[in-house]
Amino acid sequence: MPGEAVSLREQDCHLPPEGWGRLILDGSRPEVNRRWTDTGDAHELRGLKHRGEDDVRRIPIPPELVKILRQHIAEFGVAPDGRLFRSERGGVVASTAYTEVWQEARALALTPAQVASPLARRPYDLRHAAVSLWLNGGVPAPEVAARAGHGVDVLLRVYAKCIDGQEDIVNQRIADVLTA
C-alpha cells in the first residue's frame, strides 16, 4: 500500500546480504486532504488498516527486493527519522510525485498500444498483479492474504476470479487424495 511504503523505515527492514529478507510494518501514512487530519498534514501517521493499534505485519521479501532496498539505502541514505523514501526536502513523498514517475516508466517500458490500455495504469495495479500471481502459483490463500494485508475473506472475494488455468492441477490433487 502506498501509505505503508512512504512510512517504511530502515529499522523496519531486515535486509541480509543474501537470501530472503523481511519488512515489519507497524504504521501507514495515507495521503488525505489536510482538512481531514488532526495535524493539518497531508500524510498523517496511522496504524495499519483494519488492525489493532499495536499490530504489525511481517512480510517476507524476495532476494531481488532485498538487493534493491540495500542499493537504495546505500545511494540515497535515509531521512532523519529513518524513512527510506522522502521528498527532495526530506518530507513524505506525495502521490503526485510517484504517479508522475510511474507514467514516465510505463511510456518507456510498454508499447504504445499497452500505454493506451488500462495495463498497469496505476502503481497500485502492481499489488493486484502480485496477489494474482501468488494465487495462480499455488501459494495458499491465508499466506497470500497475510502478505497482502487482507483477510482471507476479502482476498477470496476480490481475487478468486483471477485464479485461472489450474483445473488439471486441482483434478490431479483431488485424484491423489482419493487414491491415498
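Count residues from 1 along the sequence.
Using cut-offs of 30° and 60° on the angle between ring planes, the pair Tyr124 and His128 is perpendicular.
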Evaluate Leu119 against Asp125 for side-chain contact (heavy atoms from CB on, under 4.5 Å), listing each step before the verdict. CA-CA 8 Å; Leu119 178 66; Asp125 293 335; over 6 Å; no
Would you please test Leu15 and Ile61 for side-chain contact (heavy atoms from CB on, under 4.5 Å) and show each step? CA-CA 9 Å; Leu15 306 172; Ile61 58 172; 3.9 Å; yes
Under the side-chain contact (heavy atoms from CB on, under 4.5 Å) rule, what do Val6 and Leu84 come out as? Steps first, then yes or no, please. CA-CA 8 Å; Val6 297; Leu84 269 59; over 6 Å; no
Checking Ile73 against Glu10 for the side-chain contact (heavy atoms from CB on, under 4.5 Å) test, could you report, in this order, the C-alpha distance in whole Å, the side-chain angles of both residues, the deciding distance, and whether it holds? CA-CA 8 Å; Ile73 293 168; Glu10 185 175 25; 3.7 Å; yes
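We find the OH-CZ distance between Tyr98 and Phe85 to be 12.0 Å, quoted to the nearest 0.5 Å. A distance of 9.5 Å separates CG of Leu23 from CZ of Arg57, quoted to the nearest 0.5 Å. The structure places CD of Glu75 at 15.0 Å from CZ of Arg70, a figure rounded to the nearest 0.5 Å. Expressed to the nearest 0.5 Å, how far CG of Asp81 lies from CZ of Arg9 amounts to 8.0 Å. In this structure, CD1 on Ile24 lies 9.0 Å from SG on Cys13, to the nearest 0.5 angstrom.
Annotation for Glu18: atom CD does not count as buried by contact number, only 12 or fewer foreign heavy atoms lying within 6.0 Å. When the shell of 6.0 Å around CD of Glu100 is examined, it contains 12 or fewer heavy atoms from other residues, nucleotides or ligands. The 12-atom threshold is exceeded at CD of Gln11, counting heavy atoms of other residues, nucleotides or ligands nearer than 6.0 Å.
At least one side-chain heavy atom of Arg147 sits less than 4.5 Å from a side-chain heavy atom of Pro60. Between His14 and Pro16 there is a side-chain heavy-atom pair separated by less than 4.5 Å. At least one side-chain heavy atom of Arg83 sits less than 4.5 Å from a side-chain heavy atom of Arg86. The shortest distance between side-chain heavy atoms of Val115 and Thr111 does not fall below 4.5 Å.
Linking ILVMFWY side-chain heavy atoms closer than 4.5 Å, directly or via other members, places Val158 and Val131 in a single hydrophobic cluster. Cluster membership check: Val154 shares its hydrophobic cluster with Leu135, using side-chain heavy-atom separations under 4.5 Å among Ile, Leu, Val, Met, Phe, Trp and Tyr. Hydrophobic clustering (ILVMFWY, side-chain heavy atoms < 4.5 Å, transitive): Leu8 and Trp102 are in distinct clusters.
Apart from Val170 itself, the hydrophobic cluster it occupies contains Ile174, Leu178, where clustering links Ile, Leu, Val, Met, Phe, Trp and Tyr at side-chain heavy-atom distances under 4.5 Å. Residue Trp20 is found outside any hydrophobic cluster, as its side-chain heavy atoms come under 4.5 Å of no other Ile, Leu, Val, Met, Phe, Trp or Tyr.
With hydrogens and angles disregarded, a donor-acceptor distance shorter than 3.5 Å links the side chain of Arg121 to the backbone of Ala116. Put simply, the side chain of Ser117 gets close to the backbone of Gln114: a donor and an acceptor are under 3.5 Å apart.
Judged by distance alone, the side chains of Gln172 and Asp176 do bring a donor and an acceptor atom under 3.5 Å apart.
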